[in-house]
Amino acid sequence: MTPAQLSDAVLAAARAVLTDENIDTAILPGVTSVERPRNPDHGDYASTLALQLSKKAGKPARELAGKIAVQLRRMSGIQDVDIAGPGFLNIRLDAGATGALVHDVVQQGAAYGRGTAMAGQKVNLEFVSANPTGPIHLAHTRWAAVGDALHRIFVAAGAEVASEHYINDAGSQLDRFGRSLLAAARGEPTPEGGYAGEYIQDVAEAVVKDNPGVLDQEDPLAIFRAEGERLMLDEMRTSLERFGVHFDVWFSERTLHESGAVEHALDELRAHGHVFEADGAVWLRTTDFSDDRDRVLIRGNGEKTYFAADAAYYVNKRERGFDKCFYLLGADHHGYVNRLRALAACAGDDPDFNVEVLIGQMVTLLRGGVPVRLSKRAGTIITLDELVDAVGVDAARYSLARSSTDSPLTLDIEVITRQANDNPVYYVQYAHARIASLLRNAADLGVARKVDYDPALLSHEREADLIKALGEFPSIVATAAELREPHRIARYLEELAGTYHRFYDACRVLPQGDEPATDLTNARLWLVEAARIVFANGLALLGVSAPERM
RNA sequence: GCGCUCGUAGCUCAGUGGAUAGAGCAGAGGACUUCUAAUCCUAAGGUCGCAGGUUCGAAUCCUGCCGGGCGCACCA
């Protein structure tokens, strides 16, 4: 029996009780859930439904719980139901009902964990969006790992998802970048406000190599700017792909200006009546929608602002059919939240539905316990490539994805490079590798999983723990999608790994010596295969590999 | 000053109103002739920043305060 099936059973039992008592069943929630109590004395699953209904029903919670329990005890698969504390329902399943869940997992295979909570939603995920004036560095990396995991989780929840990387290639930063490259190629010092760092020299040399005689041309700056951007974008794309992060769309800000999309967006906003002129500039009255000040779209000198391009990009996304536009931003950009939401409202949309801005707290980098100040212009950056070189893709992605983006993260370069084995990712991956090894041994012994198994044989406490843990996976995925929190997958996998290792420690799977394979061997092979599937599916959602050997 | 955000074990962090607040790492002790010991077991470690409030029940929700981070452009 799956947790979802049991939850439905609890709801049905409560409905029957309310009907008997002549209480309006409208007080029932649409769905309820059962939780897995930490304390084994509290049963396999627990429900708080009686506590929730008590006030609305006008009955003591314990009395309601007692009546619900009577109903539940009649159902097959339920061994016993206790009432505890103020009105908890503590439910115990029989071994057969618990063990039957293994079959579901194996049968669904790679699809186990997928759901339909976001079915029909067309989602746009914009993240990283690093300026093409330098390599991808650590400040971008958190959302690279988490955003890509979110992409995978949303897909698992049934959404249609496109990930996009916005390229800020229309402003003055690229001019500064181009001037810095030109200066480097000429052996001159970094210009005022320009970019420093070794990569500038490398890119400058690459431009010269690809464009012989460029320094003698009439407008070398234009070539350095354009070629530098091209090389930088290639490098960013390569770094991200190596990190396992693929963007469906790389969207150029410049094309918004060139295609007339900005003008088009201004027309849209004007049509909704939120555009006005003042002090020689054109403004969007975002204060109509709880922004703390209005925003300039066209400056007094006639130039469109960055915000105007933002507006055009948003309108463009909506016109491409995306219902939900996600912006995954760093905490240093949290001031954008209100204006992005107000922008959507000014375009006639519902900011509570069409826009979602997720703020990731800063990653503080330590080296030997001392904070490292990251500055692209000063050249003191840690790049994504350097991080991957040091710890590998799996450890890097996992350590960034395993904690909530709400909490500031501190990474010590020395610790993550020196003590890579401390990373919990290895604990999880090892569980998968152990299973893979066991299954190889089974094949060598000629012990194959049969077409079916007897679920009642999986009655050991460690087996029951493992099965119940496997049964939680779909709701973990659904919750991770609903709350936009990929770290829940990682934390779940760590718990599951512990549960698996304890099972492995207590329960021998394969026959030893001359012993024959038994029905228990077969049942445990089913269980082990189910565990392998969940580890593989869970790690895949995080973009982390599930190794066959370690 | 205004706004956003964070504060949980020595460290890094979990904990979408539920029962005795957890994990990993570090440190102490134990378990390998046995399917991978990158594992398992035991013990130790806490004023959930502080103070009120809401209620059957608060680390979680509300208010205030303290402390850290970040943001408040006709920059991008």
Side-chain angles (χ1 to χ4, degrees), chain A residues 35 37-39 41-42 46 48 51-52 54-55 60-62 84-88 90 131 133 168 170-174 176 253 278-283 292-293 295-307 309-310 330-338 359 361-362 364 369 399 402-404 406-412 415-416 419-431 433-442 444-445 447 479-480 482-483 485 487-488 490-492 494-495 497-498 500-513 521 524 528 549-550:
Chain A
E35 57 186 58
R38 176 156 287 280
N39 186 337
D41 292 342
H42 296 149
T48 58
L51 290 161
Q52 293 161 33
S54 168
K55 185 165 282 179
R62 281 194 67 103
F88 292 103
N90 293 334
N131 287 330
T133 56
N168 302 131
S172 62
Q173 293 198 84
L174 265 183
R176 284 205 293 266
E253 177 187 1
D279 306 327
V282 176
W283 301 68
D292 50 8
R293 53 174 300 150
R295 304 293 167 179
V296 173
L297 292 164
I298 304 176
R299 295 190 292 206
N301 65 9
E303 285 180 32
K304 315 274 197 313
T305 60
Y306 183 90
F307 183 65
D310 273 349
D332 53 341
H333 288 75
H334 69 249
Y336 290 23
V337 177
N338 282 340
I359 298 298
Q361 294 300 310
M362 308 299 276
T364 305
S399 47
R402 76 182 289 266
S403 55
S404 162
D406 283 345
S407 76
L409 195 57
T410 304
L411 294 178
D412 192 314
V415 170
I416 60 179
Q419 302 180 315
N421 281 327
D422 293 346
N423 194 308
V425 70
Y426 297 105
Y427 184 73
V428 176
Q429 287 184 315
Y430 183 61
R434 254 184 160 181
I435 294 172
S437 170
L438 192 157
L439 294 175
R440 281 195 299 273
N441 291 340
D444 290 346
L445 288 171
V447 180
T479 304
E482 181 194 340
L483 301 178
E485 292 184 341
H487 74 276
R488 288 171 185 277
R491 298 298 171 153
Y492 164 76
E494 288 170 31
E495 268 192 46
Y500 180 78
H501 288 310
R502 282 185 288 277
F503 154 79
Y504 182 92
D505 196 58
C507 298
R508 176 82 200 185
V509 176
L510 297 175
Q512 289 178 278
T521 306
R524 284 182 173 166
V528 162
R549 305 168 196 275
M550 287 175 74

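None of the values given here were measured: they were computed from a predicted structure. Per chain, numbering begins at 1; letters A, B, ... match sequence-line order.
Going from the C1' atom of B/G45 to that of B/A26 covers 12 Å, rounded to whole Å. Rounded to a whole angstrom, the distance from the P atom of B/U12 to that of B/G7 is 13 Å. With both ends at atom C1', the span from B/C74 to B/U54 equals 47 Å, rounded to whole Å. Taking atom P on both B/A37 and B/C32, the two are 13 Å apart, rounded to the nearest angstrom. Comparing the P positions of B/A38 and B/U33 gives an interatomic distance of 15 Å, to the nearest angstrom. Distance check on atom P: B/A9 versus B/G46 gives 10 Å, rounded to whole Å. For the P atoms, the distance linking B/G64 with B/U60 amounts to 16 Å, nearest Å. For B/G52 and B/C11, the C1' atoms lie 32 Å apart once the distance is rounded to whole Å.
A/L510 places its CG atom 15 Å from the P atom of B/U34, with the value rounded to the nearest Å. Between the CE atom of A/M362 and the C1' atom of B/C4 there is a distance of 13 Å, given to the nearest Å. B/A37 atom P lies 19 Å from atom OH of A/Y426, rounded to whole Å.
Here A/F88 packs flat against the base of B/A19; its ring centre is closer than 5.5 angstrom to the base's six-membered ring, tilted by less than 30 degrees.
Residue A/A61 is classed as having no contact, given no heavy-atom separation below 4.0 Å to the nucleic acid. At a threshold of 4.0 angstrom between heavy atoms, the contacts of A/S437 include nucleobase atoms, whether or not backbone atoms are also involved. When heavy atoms are screened at a 4.0 angstrom cut-off, A/G300 is found touching base atoms of the nucleic acid. Counting non-hydrogen atoms under 4.0 angstrom, A/D444 reaches nothing in the nucleic acid. In this structure, A/T479 reaches the bases: a heavy-atom distance under 4.0 Å links it to at least one base atom across the strands shown. The residue A/H42 sits close to a base: some heavy atom pair falls under 4.0 Å. Looking at heavy-atom distances under 4.0 Å, A/A331 makes contact with sugar-phosphate atoms alone, never a base.
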Practice item. Given salt bridge (Lys or Arg N to Asp or Glu O under 4.0 Å), test A/D292 with A/R295 step by step and report yes or no. Key: CA-CA 10 Å; A/D292 50 8; A/R295 304 293 167 179; 3.2 Å; yes
**Study point:** Evaluation steps, side-chain contact (heavy atoms from CB on, under 4.5 Å), between A/R491 and A/S403
**Key:** CA-CA 8 Å; A/R491 298 298 171 153; A/S403 55; 4.3 Å; yes
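The shortest distance between the side-chain N/O atoms of A/R488 and the OP1/OP2 oxygens of B/U16 is below 4.0 Å. Of the side-chain N and O atoms in A/N441, one or more sit less than 4.0 angstrom from OP1 or OP2 of B/U36. Residue A/S403 places no side-chain N or O under 4.0 Å from the OP1 or OP2 atom of B/C13. In this model, the phosphate group of B/C74 is approached by a side-chain N or O of A/R293 to a distance below 4.0 Å at OP1 or OP2. Remark: A/H487 is in phosphate contact with B/G15, judged by side-chain N or O atoms under 4.0 Å from OP1 or OP2. Taking only side-chain nitrogens and oxygens, A/Y427 comes nearer than 4.0 Å to OP1 or OP2 of B/C40.
Residue A/G302 comes nearest to A/I298 through the heavy atom pair O-CG2, 3.5 Å, listed as atom of the first residue, atom of the second, then distance. Summarising the geometry of A/T305 relative to A/V296, their closest heavy-atom pair is OG1-O, 2.8 Å, with the distance given to 0.1 Å.
For B/G71, the base has no donor-acceptor partner in the side chain of A/H333 [N/O atoms by modelled type, under 3.5 angstrom]. If you check distances only, the side chain of A/D406 never reaches the base of B/A14 with a donor-acceptor pair under 3.5 Å.
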Point to revise | Nucleotide pairing, RNA chain B (Watson-Crick or G-U, distances under 3.5 Å), in dot-bracket with [ ] and | | key: (((((((..((((....[...))))..((((.......))))......(((((..]....))))))))))))....
Exercise for review: Scan nucleotides 41-46 of chain B nucleotide by nucleotide, 5' to 3', and note B when protein non-hydrogen atoms come under 4.0 Å of the base, S if they reach only the sugar-phosphate, - if neither.
Suggested key: S-----
Check: protein-nucleotides 7-12 of chain B nitrogen or oxygen pairs below 3.5 Å:
from, atom 1, to, atom 2, distance (Å)
B/U12, O3', A/T410, O, 3.4

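Annotation: A/F503 is in aromatic contact with A/Y500 [ring centroid separation under 6.0 Å].
Side-chain contact between A/L297 and A/W283 is absent, with no heavy-atom pair separated by less than 4.5 Å.
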